[in-house]
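For reference, the structure is listed below as structure tokens.
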Amino acid sequence: MIENRPLLTIFSHIMLILGVVVIAFPIWIMFVAASHPEIRMTQVPLPMLPGGQFFENLDIALNRGMSGMDGNGVGYMMLNSLAMAMMIAVGKIAISLLSAFAIVYFRFPFRMFFFWMIFVTLMLPVEVRILPTYEVVANLGMLDSYWGLSIPLIASATATFMFRQVFLTIPDEMLEAARIDGAGPMRFFWDILIPMSRTNIAALFVILFIYGWNQYLWPLLITSEPEMFTVVMGIKQMLEAAEQAPQWNVIMMTALLAMLPPVCVVIFMQSLFVKGLTETEK
Amino acid sequence: MLKNVHFGPSVLPFLLVLPQIIVTLVFFIWPASQALYQSVLLEDAFGLKTEFVWFRNFEELLSDPLYWDSFKITIVFSFLVAFLSMSFALALAIFSDRVIKGSGAYRTLLIWPYAVAPVTAGALWVFMFNPTLGIVSYALSALGYEWNHQLNGGEAMALVVMASAWKQVAYNFLFFLAGLQSISKSLIEAAAIDGAGPMRRTIDIILPLLSPTTFFLLVINIVYAFFETFGVIHVVTAGGPAGATNILVYKVFSDGFVGLDLGGSAAQSVILMIIVISLTVVQFKYVEKRVAY
Amino acid sequence: MARVVLEGIRKTYPNCFKAIHGVDVEVEDGEFLVLVGPSGCGKSTLLRMIAGLESITEGQLTIGDHVVNNLEPSERNIAMVFQNYALYPHMSVYKNMAYGLKIMGLPKAEIEARVKKAAAILELTDEQLTRKPRQLSGGQRQRVAMGRAIVREPSVFLFDEPLSNLDAKLRVQMRLEIKTLQANLGITSVYVTHDQVEAMTLGHRLMVLNAGNVEQLGTPIELYQRPASLFVAGFIGSPAMNFAEARIDAEGKTITISGQEALPLGSGGMAEHGGKDVILGIRPEHLELVAGAPDAVPMTVTMVEQLGADTLVHGHFGESRSDLTVRLDGIRNIKGGEVLPIRVTPDHLHVFDPKTERRLS
């Protein structure tokens, strides 16, 4: 702040609070809806203040599901989402670390060719090549499996690029010192490179976890067995059912559950999240 | 890009890149080339006969008014999303850069919608604007406006734009804030000494200096609106009513998986790939320029 | 403990750049050899070739009894101290020092004993051993880097400009520490620096490198007293040696700087170079202010720098153009524009061939 203008500062605060209200309003409505009994959610106008049935709704959403559906709740879908998000995040980080290590620290034939091949993947989000990718996964018999959910999404140039960038900033002397200490390539990778990149790894993990958790189109295509559904798919499924008998309290509770893990990651690992977001876009 | 100091040749680097290369080949290069190949084939609905038809799928696609409608809708949708979320985020970032107390708290409160899945975001907005029950449509009808996005294409578009933009504000806010904070304080101080008030400074100094960030975000937001809003559309409108929100990515999906028009869907995929590639090239050109600063 | 022998060592990079043009030297057991030269002269490349971090294009490198040309750095029984220390930032000081030993597969107790011993030598406390490198001061990091070298109990120490990241005061202190340490441990050492004071104070012998060539190899005093080339003469000594174009008379008894007074050439003269155009070098400290001496030459003062212990007087002889610096001891009350009688000590003249730039006589 350059000059002292108390009115302008107060105005800024008011605008920011308004902004936060606009951003948070949908979430508040969701939370309110998730805390009322089903019957209240059919009476216009809908409530603006929380009700007393939050934990009952939580139990219904997790363990029983909407009436009229298979009665399983979304608890297991949360686990599927977790498994998929973890596999995508860990898988991406692992293969990207290895390939970035090879590209930065080794001179070998076809190095640039491989680099460009990985680079190309940066350009092709899964959405634009869904049909043929679906066919490949189907031919490999990976439909309705965790492998099918995660592996096609783990190759991404972004992570490789980021690690390449990180490795390039590590001083050459680290490798020289390690060589004098007698460390071979893999030893150097484990003992020096990985520990030195660990905040970058953590930051990337945060971003990739959110990315994996929020995947929708891909799981929608390759899962047909309900036991492989993820929680974001569960929401859509409930919305379709809701056209006959809306149970908005359960749907909103499910939305809340689906939102919770990634939102917690953002809030509690905020600095890593911001770091990850800004670094992967370079 | 290679270290000056590096390991000598051995089989190890091949083993290291192997997992990435296999995944890339199997799930990216191969499907992408399949899409290219299928885009020049005509297949009947039962998959019994295929015929090589050169560019006929493309010709059909480009002479199909529905496709051009979808194209226009996508462009309108993308620019509305980009404009809405970027201007909202920019205003918040400027105010947030001004206040000293509580800026961390505001940041926390503003960024978390990034983590909300597009489908979840869609569900929230569709609930608020539900024509019979929704709290916002209730308020609108109290004001004398009957909201029904299930029937009105313009309202449907407005709803998907709001839901998509809402989710993207967080991202834009973070980058704008970082951009603002990287502007040297002495520049602002110099302008203040020159007698420019806060409003003038924002218009004359801050906005021009933010233009690289703005351009970067514009590209990112367009890519986001083009490809990552599938979940929002699927939940809120399913492309309707009457195709009013049928953006290109949604059309690839509905023509390919629902309509089973493989050749046409593949041709659409190829066009989308070309769009992504050109956007990526633009983005990279920009990144190079930024590095040169 | 080992001798390091370099025979015809050459380095050519893949882009055909020749970095080292043939170096022969035998570093004796326990000797401290300093490689010195301006940046880009190849001194670091040569050191890194000894370390095994750069390949040797041609020639033979022997450490102890083994030709080590094709051995990995860790197999050469060397230890190296890097310019930026290259401490692993995520490891504690203890782990930094122990890492190489761990890879060697030494038992834990042995590692601990060695690290403790090195820490004691370097006066690193137990508390400092548990810290991360970034929590240490520059001087302490420097000690840890040396500690990491000591624990390996190598036969050769290699130092790559280890003091250049320290401030001036600490640099003098660490210089003494390195010298003491090397003397106490008696380990053969090769030390790279661009700082001639460091080179003079540390080395038993100095190797002056210029553009990949060895200009001269010798003890600090040899280099100071009889620089073999114009380059060495200019590089060693501070303030730098004065140079002037001059001519030797036909008999080789006197030398004349651009038409000014003839100066007698010291013992024996230079009869074999009679009548030749040469470059004359005189160190600033070998010019005296002698009032009334018959062989004094008048010097016009342009600028005076008072250093307290010495006074540097800048100017030129008579009308000649060549700049001249004279170092006088103590504080002198001299002003610009004064003309001073200056005498050259004949035994301290250095005469160089202007074409080959090598020393004559």
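Numbers restart at 1 for each chain; the letters A, B, ... are given by sequence-line order, proteins then strands. The figures that follow rest on heavy atoms only: side chains count, while hydrogens, waters and symmetry mates do not.
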Considering distance alone, list the donor-acceptor pairs between chain A and chain C shorter than 3.5 Å.
unit_1, atom_1, unit_2, atom_2, d
A:Glu173, OE1, C:Asn84, ND2, 3.4
A:Glu176, OE1, C:Arg48, NH1, 2.9
A:Glu176, OE2, C:Arg48, NH1, 2.4
A:Glu176, OE2, C:Arg48, NH2, 2.5
A:Ala177, O, C:Tyr88, OH, 3.4
A:Ala178, N, C:Tyr88, OH, 3.2
A:Ile180, O, C:Arg152, NH1, 3.1
A:Ile180, O, C:Arg152, NH2, 3.0
A:Asp181, OD1, C:Arg152, NH1, 3.4
A:Asp181, OD2, C:Tyr88, OH, 2.8
A:Asp191, O, C:His90, NE2, 2.7
A:Asp191, OD2, C:Tyr99, OH, 2.7

Shortest non-hydrogen pair, A:Ile235 vs A:Ala255, comes out as CD1-CA, 3.7 Å
Of all heavy-atom pairs linking A:Ser96 and A:Ala159, the shortest is OG-CB, 3.2 Å
Residue pairs passing the ring pair (Phe, Tyr, Trp, His ring centres under 6.0 Å) test with at least one member in residues 109-158 of chain C, sequence neighbours excluded, are C:Phe157-C:Phe159
If one checks every heavy atom of C:Leu87 against chain A at 4.5 Å, the contacting part turns out to be backbone
Bottom line for C:Met104: the part with an atom under 4.5 Å from chain A's heavy atoms is neither
Original post:
Would a line drawn from the ring center of A:Phe115 to the ring center of A:Phe161 be shorter than 6.0 Å?
Top reply: yes
Between the side chain of A:Trp218 and the main-chain N/O of A:Gly148, is any donor-acceptor distance below 3.5 Å?
yes
Between A:Trp213 and A:Ala258, the two heavy atoms sitting closest are NE1-O, 2.7 Å
#### Entry: A:Ile93 and A:Phe163, any side-chain heavy atoms less than 4.5 Å apart
yes
